[in-house]
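None of the values given here were measured: they were computed from a predicted structure. As a basis for the values below, the full set of heavy atoms in this structure was taken, side chains included, without hydrogen atoms, waters or symmetry mates.
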Amino acid sequence: MITAGNPLPQFSLQDDSGTTVTEKSLLGKWSVLYFYPKDDTPGCTTEACSLRDAQKDFLEKGVSIYGISKDSVKSHVKFREKFHLTFPLLADVETTMAQAFGVWVEKSMYGKKYMGMERSTFIVNPEGTIVAVYPKVDPVDHGPFLLQQLAELMP
């Protein structure tokens, strides 16, 4: 997994509105990049709604939120509309961004091994440096947790 102090890896992904988002898109502002396993599943919905409910506070701090999963743009649109999500969801269908961040990992369920997204969050400063990494996050109250962390990180 990529660590704090590293520059943001290069990426180019489409969001749920059809806009291409790259690492250069994040320069000049604080950003939260949260990787999650799958749209419209219990833990992922809990996490997304926690961030949605706190988004006003993120925006007041000038922080942008981006959700990233392997799901398609079409799936992201449904997920965003169903839960009234107010931030972009990036479609990492080929897992290139997840691999660059080290969150596309081998997982195990009922003894069966498979590759999947490890729920993880990264905070990026305006210069494009990763300043905080939160692996295997708890989806409950993730928004308030990140706001507390940002209060300590931001000048």
Side-chain angles (χ1 to χ4, degrees), residues 1-41 43-52 54-107 114-137 139 142-143 145-147 149-150 153-155:
M1 182 176 290
I2 199 165
T3 57
N6 284 301
L8 196 57
Q10 290 184 348
F11 67 90
S12 179
L13 297 177
Q14 195 172 37
D15 73 11
D16 54 326
S17 68
T19 301
T20 299
V21 178
T22 69
E23 75 284 352
K24 292 181 178 82
S25 307
L26 306 185
L27 296 178
K29 61 186 173 187
W30 286 83
S31 300
V32 167
L33 305 176
Y34 83 97
F35 290 84
Y36 64 98
K38 187 152 181 59
D39 289 342
D40 204 5
T41 55
C44 298
T45 299
T46 297
E47 182 177 25
C49 290
S50 175
L51 290 162
R52 175 204 62 204
Q55 189 173 19
K56 179 179 174 236
D57 296 320
F58 283 100
L59 291 174
E60 286 175 0
K61 292 179 174 293
V63 177
S64 297
I65 301 170
Y66 297 88
I68 303 110
S69 80
K70 189 179 184 312
D71 295 299
S72 67
V73 169
K74 185 177 178 180
S75 175
H76 283 339
V77 168
K78 286 182 186 177
F79 185 45
R80 186 174 184 183
E81 289 175 355
K82 183 175 181 180
F83 294 100
H84 309 286
L85 304 179
T86 52
F87 46 82
L89 301 175
L90 306 181
D92 191 13
V93 178
E94 302 296 322
T95 70
T96 53
M97 188 173 179
Q99 289 180 51
F101 277 78
V103 298
W104 187 249
V105 298
E106 185 176 87
K107 298 174 115 181
Y114 65 97
M115 294 301 289
M117 193 79 72
E118 182 175 293
R119 187 183 312 278
S120 303
T121 300
F122 300 82
I123 297 177
V124 181
N125 72 13
E127 291 75 39
T129 302
I130 296 169
V131 295
V133 178
Y134 305 100
K136 299 180 182 179
V137 301
H142 195 49
F145 168 79
L146 288 173
L147 285 167
Q149 300 306 304
L150 282 160
L153 291 168
M154 294 176 77

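Under the ring pair (Phe, Tyr, Trp, His ring centres under 6.0 Å) criterion, Tyr66 pairs with no residue, sequence neighbours left out. The side-chain contact (heavy atoms from CB on, under 4.5 Å) test applied to Val77 returns Asp16, Val73, Glu81, not counting sequence neighbours. Every residue two or more places apart in sequence or in another chain was checked for a side chain to side chain donor-acceptor pair (under 3.5 Å) with Lys24, and none qualifies. Every residue two or more places apart in sequence or in another chain that forms a side chain to side chain donor-acceptor pair (under 3.5 Å) with Ser75 is listed here: Asp39. Under the side-chain contact (heavy atoms from CB on, under 4.5 Å) criterion, Lys38 pairs with Thr41, Asp71, sequence neighbours left out. Every residue two or more places apart in sequence or in another chain was checked for a ring pair (Phe, Tyr, Trp, His ring centres under 6.0 Å) with Phe11, and none qualifies. For Asn6, the side chain to side chain donor-acceptor pair (under 3.5 Å) test picks out Thr3, with sequence neighbours left out. Here Thr95 pairs with Gln99 under the side chain to side chain donor-acceptor pair (under 3.5 Å) rule; sequence neighbours left out. For Val93, the side-chain contact (heavy atoms from CB on, under 4.5 Å) criterion is met by Ala91, not counting sequence neighbours. For Arg52, there are no salt bridge (charged side-chain N to carboxylate O under 4.0 Å, His left out) partners two or more places apart in sequence or in a different chain. With sequence neighbours excluded, the residues forming a side-chain contact (heavy atoms from CB on, under 4.5 Å) with Met1 are Val103, Glu118, Ser120, Phe122, Val133, Pro135, listed by chain and number.
Contact annotation: the side chain of Phe87 never approaches that of Phe58 to less than 4.5 Å [non-hydrogen atoms, C-beta and beyond]. At a threshold of 4.5 Å between non-hydrogen side-chain atoms, the residues Thr96 and Trp104 do not count as touching. Looking at Ile2 and Pro9, their side chains come closer than 4.5 Å, going by heavy atoms from C-beta outward. Side-chain atoms of Leu146 and Ile65, non-hydrogen and from C-beta on, never get closer than 4.5 Å to each other. In this structure, Lys61 and Leu147 have side chains that are in contact, with non-hydrogen atoms separated by less than 4.5 Å. The shortest side-chain heavy-atom distance between Glu60 and Asp57 falls under the 4.5 Å cut-off. Side-chain contact between Phe101 and Leu33: present, with at least one pair of heavy atoms (C-beta onward) separated by less than 4.5 Å. Contact check for Ser69 versus His76: side-chain heavy atoms found under the 4.5 Å cut-off.
Considering all non-hydrogen atoms of both residues, Pro155 and Trp30 come closest at CD-CZ2, 3.9 Å. In terms of heavy atoms, Met117 sits closest to Tyr36 at CG-O, 3.5 Å. Closest of all the heavy-atom pairs between Leu153 and Ala132 is CD1-CB, 3.8 Å. The minimum heavy-atom distance linking Cys44 with Pro37 is given by the pair SG-CD, 3.4 Å. Ser50 approaches Pro139 most closely through the heavy-atom pair CB-O, 4.1 Å. Residues Gly62 and Lys29 share a closest heavy-atom pair of O-CB, 4.2 Å.
With values rounded to the nearest 0.5 angstrom, Asn125 atom CG is found 11.0 Å from Leu26 atom CG. In this structure, OG on Ser72 lies 11.0 Å from CG on Leu89, to the nearest 0.5 angstrom. Remark: Leu13 CG to Asp92 CG distance equals 5.0 Å, nearest 0.5 Å. Here the straight-line distance linking atom OG1 of Thr22 with atom CE of Met97 works out to 10.0 Å at 0.5 Å rounding. Between Gln14 atom CD and Thr20 atom OG1 the span is 5.5 Å, to the nearest 0.5 Å. With rounding to the nearest 0.5 Å, the separation of OG1 in Thr19 from CG in Leu90 is 10.0 Å.
Using a 4.0 Å cut-off between a side-chain N of Lys or Arg and a carboxylate O of Asp or Glu, Asp40 and Lys78 do not qualify as a salt bridge.
Enclosure of atom NZ in Lys74 is not indicated, since only 12 or fewer non-hydrogen atoms of other residues, nucleotides or ligands lie within 6.0 angstrom.
No donor-acceptor pair closer than 3.5 Å links the side chain of His142 to the backbone N or O of Leu51.
Applying the salt bridge (Lys or Arg N to Asp or Glu O under 4.0 Å) test to pairs two or more places apart or on separate chains, none has a residue in residues 94-106.
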